[in-house]
Amino acid sequence: MQSMWRSEMVSYPPPFRQTHLQEPASLDETLLNVHPNQKQPQQQTLGLDADLPFIDLLHPDPKVLGQACRDWGIFRLVNHGIPPQLTDRVRSYAKDLFALPFESKQSLFSSTSPIAYFWGSPNIQHSVLNLNRVEGFHALLPKLALQQQHQQQQQLQHDQPQQLMFESFRCSLEEYGQHMEAIGRSVFNVLADYLELDPAQKASYLAESDGFLRVYRYPCYLGDEKEVIGMDAHTDSSVLSILNQDEVGGLQLLRDQKWFDVKHIPNTLIVNIGDMMQAMSNDKCTSVEHRVAANVRSDRMSICYFAFPKEDGVILSSNYKPFTYKQFQAQVQQDIKATGFKVGLDRFRNKRINGSGCDPTQCD
Ligand SMILES: O=C(O)CCC(=O)C(=O)O
Ligand SMILES: [Fe+2]
């Protein structure tokens with residue numbers, strides 16, 4: 001058993017390899033995770049399960065969906081239409097690629113490849129003060145498709161087993177991405193109707209085919225520390241994010257200052273509202289704070305899709321100054337560079353007088 005862990009560790013980024021191995025702790029020990037970020041009040045996980053609403057994508061009820069986005073900012077999606085075999089394929093190729101030695105992953109996913117490899121922090125959207133215990137593959141949907149055309153034109157030969165593996169992964173991710181685009185669009189349309197968004201504005205509020213996919217592996221943690229986080233607490237900058245976590249679980253959301261576990265349920269997806277949708281909805285929808293707990297028994301894998309507005313489309317709502325996603329991202333990056341943290345929507349919020357009404361100097 002221990003030799004298996006050792007061989008897996010060669011594939012882990014060096015800071016995630018424990019020098020001392022121990023038997024996995026009992027599952028109960030995974031329930032007491034505390035946010036490591038000392039700048040925020042610590043919230044305890046009490047082993048509470050989030051009783052998330054279910055939305056049936058075949059017959060979505062706009063009211064139920066709207067309520068879920070208001071109350072929770074996150075829900076489960078059933079009848080989403082993704083063939084389970086496709087998800088299995090993505091997982092299986094990703095698992096094989098993650099299992100390659102760390103150095104091989106770094107050279108296989110080069111800067112020119114349509115899929116990037118990262119570890120420690122998925123990108124600048126997250127706090128850079130804490131090293132996240134995660135590694136992943138990142139793929140922009142348009143880049144995945146372009147690569148296919150390029151390869152058809154060039155009739156590239158894949159003689160290396162690792163390149164073959166890479167190409168199979170890319171193909172399955174591209175197919176998975178097409179499902180995500182369609183699902184993202186369907187959910188967005190129902191929600192936009194429920195919120196009665198202006199049709200002209202709505203046109204620039206979702207650029208689903210410009211979204212990206214991330215496949216994450218959260219290396220299991222066999223060390224002595226009890227409170228280890230795979231990805232620290234954050235809100236997504238997206239319009240919406242669609243997550244597919246494996247049976248290991250570990251996703252947690254913050255509600256009423258308590259962390260709730262979001263359990264794995266087979267054949268369901270988890271959709272969470274991002275910052276852009278919160279602004280578009282004028283705070284009717286909630287960009288939910290969430291994080292991922294590291295597991296002490298096994299690696300965790302998730303496949304996540306993030307959909308964004310058109311970069312230059314102006315987001316208009318009375319609670320916020322008009323802004324574009326491009327401006328939002330630039331501000332997020334500037335804040336992270338300066339402080340290590342994302343400030344997010346508060347940077348664009350209109351100032352209020354006495355807690356109600358807009359300061360006329362701040363409202364347009
Ligand atoms: O891995 C997951 O389930 C969630 C990842 C996540 O929250 C993110 O990438 O923003
Ligand atoms: Fe997230």
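Note that ligands are numbered from 1 as they come in the structure, with each ligand's atoms numbered from 1 the same way.
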Q: Begin with the C-alpha distance, continue with both residues' side-chain angles, and end with the deciding distance and a verdict on side chain to side chain contact (heavy atoms under 4.5 Å, CB included) for Phe323 and Leu345.
A: CA-CA 10 Å; Phe323 68 94; Leu345 280 179; 4.1 Å; yes
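Short contacts between ligand 1 and Met231, defined as distances under 4.0 Å to a heavy atom of the residue, involve ligand atoms 5 (C), 6 (C), 7 (O), 8 (C), 9 (O). Taking every non-hydrogen atom of Val292 and a distance limit under 4.0 Å, the qualifying atoms of ligand 1 come out as 1 (O), 2 (C), 4 (C). When each atom of ligand 1 is checked for a heavy atom of His234 under 4.0 Å away, the hits are 6 (C), 7 (O), 8 (C), 10 (O). Close contacts of ligand 1 with Tyr216, meaning ligand atoms under 4.0 Å from a residue heavy atom, involve 1 (O), 5 (C), 8 (C), 9 (O). Each of the following atoms of ligand 1 lies closer than 4.0 Å to a heavy atom of Phe306: 8 (C), 9 (O), 10 (O). Near Tyr218, meaning under 4.0 Å from one of its heavy atoms, ligand 1 places the atoms 1 (O), 2 (C), 4 (C), 5 (C).
Taking the six-membered ring where tryptophan is involved, the planes of Tyr325 and Phe308 are tilted, since the angle between them lies from 30° to 60°. In this structure, Phe109 and Tyr117 have tilted ring planes: the angle between them lies in the 30° to 60° band.
Residue nearest to atom 3 (O) of ligand 1, selected from Arg300, His290, Arg217, His138: Arg300 (by heavy-atom distance).
Phe16 is linked by a ring pair (Phe, Tyr, Trp, His ring centres under 6.0 Å) to Trp119, counting only residues two or more places apart in sequence or in another chain.
Using a 4.0 Å heavy-atom cutoff, Arg291 is absent from the residues neighbouring ligand 1. Under a 4.0 angstrom heavy-atom cut-off, Gln245 registers as lying outside contact with ligand 1.
Within Asp236, the N, O or S atom lying nearest to the Fe ion (ligand 2) carries the name OD1.
Our summary of the site lists the angle at the Fe ion (ligand 2) between NE2 of His234 and NE2 of His290 as 90°, to the nearest 10 degrees.
Residue contacts with ligand 1 for Met301 are absent, since no atom lies close enough (heavy atoms, distance under 4.0 Å).
Lys342 and Asp275 are joined by a salt bridge, as a carboxylate oxygen and a charged side-chain nitrogen come within less than 4.0 angstrom of each other.
Other residues, nucleotides and ligands contribute only 12 or fewer heavy atoms inside 6.0 Å of the CD atom of Glu196. Within 6.0 Å of atom CG in Asp346, more than 12 heavy atoms from other residues, nucleotides or ligands are found, so the atom counts as buried in its surroundings.
The only member of Asp49, Asp246, Asp51 that meets salt bridge (Lys or Arg N to Asp or Glu O under 4.0 Å) when paired with Lys263 is Asp49.
Relative to the ring axis of Phe118, Arg214 places its NZ or CZ within 45° and under 6.0 Å from the centre.
Polar contact with ligand 1: absent for Arg214 (N/O pair, distance under 3.5 Å).
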